[in-house]
Amino acid sequence: MAETSRNIWEEISDTEISVIDGFSKGYVDFLNQAKTERETVSFILNEAQKAGFCDLKEVKEIKCGQKLFWTGKNKIAGLMIVGEKPLSEGMNMVVSHIDAPRIDLKPNPLYESDNMAFFKTHYYGGIKKYQWLSIPLALHGVVIKKDGRVVNINIGEKEEDPVLTIADLLPHLAKEQMEKKMGEAVKGEDLNALIGSRPFKGEEKNKVKAYIKNLLKTRYDIDEDDFTSAELQLVPAFKAKEVGFDQSMIGGYGQDDRVSAYTSLKAILEVEKPERTALCLFVDKEEIGSTGNTGLQSLIIENLTAFLLHRSGNDSYYMVRKALADSYALSADVNAAVDPNYPEVFEKMNCSFLSGGVVLTKYTGSRGKAESNDANPEFLAKVRGLFDDNQVLWQVGELGKVDIGGGGTVAQYMAYYGMEVVDCGVAVLGMHSPFEVVSKADVYMAYKGYKAFMQSFRG
Ligand code: MN
Ligand code: MN
């Protein structure tokens with residue numbers, strides 16, 4: 001039973017604690033390798049192929065126990081293990097998102113001012129803008145040339161790499177700024193990243209910009225107008241690390257929601273011959289409302305289900321509908337951990353705690369639960385039963401006090417199909433900041449919970 005005072009470290013055996021430490025090392029490596037949705041998809045595919053998963057697009061016939069992968073637009077992915085029961089009886093799915101708040105480059109970003117060159121940016125997702133100032137930033141992404149060639153960019157991660165940064169105003173001259181409301185003190189339009197200061201000798205004007213342009217051309221074969229067809233993201237350049245003298249926590253960028261992506265990936269890699277087909281799905285664009293053709297408001301789940309049925313020789317639209325309506329799902333996403341520095345926004349009987357176990361969040365939403373998927377108690381009862389039977393230590397969670405703010409997850413877009421779904425993930429301190437903090441014990445419990453659900457949830 002969930003209790004607010006629960007500290008799950010007390011309940012975990014020493015043997016399991018050493019397993020948790022090993023698991024966490026792999027997780028930290030993953031966070032350092034996968035800072036964008038594209039990099040996360042590459043990581044997932046690599047792991048899946050090592051574990052013997054085959055490309056659904058190349059498989060002719062669907063067989064029980066088969067391990068399959070699918071990707072879309074290089075930014076979303078799904079891993080499936082075909083169950084003993086027909087797909088039309090529904091799947092057990094775990095769905096996470098692999099995009100994270102960040103600073104994107106504008107399509108025409110490059111300019112010079114006062115002997116310095118800059119990139120103009122447009123932030124992505126919900127950020128507190130001041131947190132992104134005066135920290136080292138790495139540039140990740142792709143530039144697509146007109147002839148289709150792809151230039152992969154990853155600058156700022158290697159020890160010898162330079163980094164970029166957005167300078168903050170010195171306190172000496174910030175009297176007026178400091179008197180502003182926090183949300184207005186730093187303007188989105190002012191998040192310009194410093195990228196150079198060396199002049200191109202002999203050039204008449206815009207010498208610093210000319211130097212950068214020349215460098216981009218010679219080093220990466222990027223012309224200025226190539227930024228039009230690019231997807232370039234500024235992310236924190238520092239590495240994920242263990243946090244605390246006791247090394248009980250992990251700090252790092254993008255743990256909302258790559259903590260769910262990693263734990264569900266590790267889980268499905270270990271699922272064997274499930275009764276119901278297991279689907280582990282990784283989607284994009286959650287942080288901006290699940291829009292676009294890689295976000296869950298599009299037909300990703302429906303098209304993938306239709307594709308699986310088609311490969312099984314079944315083109316009935318009714319069966320697509322039935323498979324989805326009869327599915328069970330965990331919307332794998334993080335919740336806010338109670339922060340004792342800000343007790344005024346948390347209601348401690350129902351909010352989630354660091355090291356309190358994986359969080360089951362019945363509903364999210366704002367005000368009177370607006371835009372929330374409020375999970376059905378019949379389903380929740382079975383999920384907590386499954387967790388208890390499998391030694392998955394868990395707690396309840398709610399996103400802060402009533403009327404204090406709010407937020408949503410992809411759960412509502414899955415519920416749309418009629419499937420049972422509940423939010424389930426790790427409690428995070430400093431969510432959406434460049435350095436989010438989680439408890440290693442909670443991360444491990446998320447993995448155990450997702451694995452039990454995909455392996456053996458019966459409904
Ligand atoms: Mn999230
Ligand atoms: Mn988020």
Side-chain angles (χ1 to χ4, degrees), residues 27 30-31 34-37 40-41 44 75-77 93-104 123-129 131-132 233 235-236 240 250-265 280-292 294-297 300 329-337 339 345 351-352 354 358-366 371-373 375 397-400 404-415 421-439 442-443 446-447 449-450:
Y27 175 51
F30 161 77
L31 287 177
K35 289 193 176 181
T36 67
E37 49 277 17
T40 309
V41 164
I44 290 165
K75 293 195 275 191
I76 48 178
M93 58 178 91
V94 177
V95 181
S96 61
H97 67 91
I98 54 177
D99 61 318
R102 60 183 189 245
I103 314 268
D104 285 341
Y123 67 96
Y124 173 98
I127 61 167
K128 291 167 93 174
K129 299 181 188 86
Q131 294 180 333
W132 295 76
Q233 318 178 355
V235 296
I250 292 165
Y253 164 70
Q255 300 197 74
D256 170 12
D257 185 31
R258 289 185 201 121
V259 66
S260 307
Y262 183 77
T263 48
S264 61
L265 168 66
C280 193
L281 194 63
F282 309 89
V283 298
D284 180 28
K285 296 284 188 283
E286 192 276 342
E287 297 294 357
I288 58 167
S290 296
T291 51
T294 54
L296 214 53
Q297 287 209 62
I300 297 165
L330 296 180
S331 160
D333 208 344
V334 298
N335 202 331
D339 185 338
V345 302
C351 288
S352 51
L354 212 72
V358 65
V359 186
L360 283 173
T361 303
K362 187 175 187 294
Y363 51 83
T364 56
S366 319
E371 296 188 31
S372 131
N373 160 64
E398 176 164 5
L399 189 56
I404 218 95
T409 64
V410 296
Q412 54 186 314
Y413 309 117
M414 292 149 77
V421 53
V422 63
D423 284 299
C424 175
V426 169
V428 178
L429 268 184
M431 195 196 296
H432 284 205
S433 77
F435 198 71
E436 303 171 313
V437 175
V438 299
S439 157
D442 294 338
V443 174
Y447 148 78
Y450 299 150

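Counting convention: from 1, in listed order, for ligands and their atoms alike. Remember, it's a predicted structure, so these values are computed and weren't measured experimentally.
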Just by distance, no angles: are the side chains of [X] and [Y] close enough, under 3.5 Å, to form a donor-acceptor pair?
X      : Y      : answer
Thr409 : Asp333 : no
His432 : Gln131 : no
Tyr413 : Glu286 : no

Discussion item. Restricting to N/O/S atoms, is His97 within less than 2.8 Å of the Mn ion (ligand 2) or not?
Written reply: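 Here the distance criterion (N, O or S atom, under 2.8 Å) is not met by His97, so no.
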
Q) How many degrees, to 10°, between Glu287 OE2 and Asp256 OD2 as seen from the Mn ion (ligand 2)? A)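 Glu287 OE2 and Asp256 OD2 form an angle of 100° at the Mn ion (ligand 2).
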
Has Asp333 got an N, O or S atom lying less than 2.8 Å from the Mn ion (ligand 1)?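 For Asp333, the answer is yes, given that an N, O or S atom comes within less than 2.8 Å of the Mn ion (ligand 1).
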
(message) If the test is side-chain contact (heavy atoms from CB on, under 4.5 Å), which one of Asp256, Thr40, Ile76, Leu296 qualifies with His97?
(response)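 Checked Asp256, Thr40, Ile76, Leu296 against His97; only one passes side-chain contact (heavy atoms from CB on, under 4.5 Å): Asp256.
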
